[in-house]
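Everything on this sheet refers to the single structure shown next.
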Amino acid sequence: MLSCEIIGFLGSDAKKNEKGCSFNVSHKYREKGTDKTLWVSCFLNYETKIMDFLKTGTPVYVNGDITISTYSRETGEVVPTVTMSVRKIELLPNKNKE
């Protein structure tokens, strides 16, 4: 089991399902002088009232167990994929919104 903490922004509104919800969190970083974004697919396997506030652009802190793999694009580029089973999520203050 590999645990991780991520601070990032939601890429889209959370999608509710029968167990909880799913959402994507972006994490920006620099690699060899180039800005890159890593998208983490998150799954919250329990219902909580916070789901109503998980909207596009919301800054969040998430903690949970991750799985890392790769896939190949049609161009042949290998791209990392990260999936997280969320244990804890917190909304963070957003400087751009009230």
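All values reported here derive from a predicted model rather than from experimental measurement.
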Point to revise | Listed once per pair and sorted, the salt bridge (Lys or Arg N to Asp or Glu O under 4.0 Å) pairs that draw on residues 53-77, sequence neighbours left out | key: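 As it turns out, the salt bridge (Lys or Arg N to Asp or Glu O under 4.0 Å) pairs with a partner in residues 53-77, which skip direct neighbours, are Asp65-Arg87, Arg73-Glu77.
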Point to revise | With Asp13 via salt bridge (Lys or Arg N to Asp or Glu O under 4.0 Å) - residues at least two apart | key: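 Listed in chain order: nothing, the list is empty.
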**Study point:** Which residues share a salt bridge (Lys or Arg N to Asp or Glu O under 4.0 Å) with Glu47, sequence neighbours left out
**Key:**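 Expected list: none.
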Exercise for review: Please list, chain by chain and in numerical order, all residues satisfying side-chain contact (heavy atoms from CB on, under 4.5 Å) with Lys88, sequence neighbours excluded.
Suggested key: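 Here the qualifying residues are Tyr61, Asn63, Glu90.
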Review point. Measuring from Ser85:OG to Asn45:CG, what's the distance to the nearest 0.5 Å?
Key: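 That separation rounds to 5.0 Å.
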Review point. Under 3.5 Å, is there a donor-acceptor pair between the Ser69 and Thr81 side chains?
Key: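 Result is yes, a qualifying pair exists.
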Search all heavy atoms of [X] against all heavy atoms of [Y] and return the closest pair with its distance.
X     : Y     : result
Asn17 : Cys21 : OD1-N, 3.8 Å
Pro93 : Pro59 : O-CG, 3.5 Å
Gly11 : Trp39 : CA-CZ3, 3.4 Å

Check your understanding: Which ILVMFWY residues are connected to Phe9, directly or by a chain of links, through side-chain heavy atoms under 4.5 Å apart?
Key ->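 Same cluster as Phe9: nobody, lone residue.
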Check your understanding: In the hydrophobic clustering (ILVMFWY, side-chain contacts below 4.5 Å, transitive), which residues join Val60, or is it alone?
Key ->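 Members alongside Val60: Leu2, Ile6, Leu10, Phe23, Val25, Tyr29, Leu38, Val40, Leu44, Tyr46, Ile50, Met51, Phe53, Leu54, Val62, Ile66, Ile68, Val82, Met84, Val86, Ile89, Leu91.
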Point to revise | Heavy-atom side-chain proximity of Asn24 to Lys15 below 4.5 angstrom | key: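 Asn24 vs Lys15: side chains apart.
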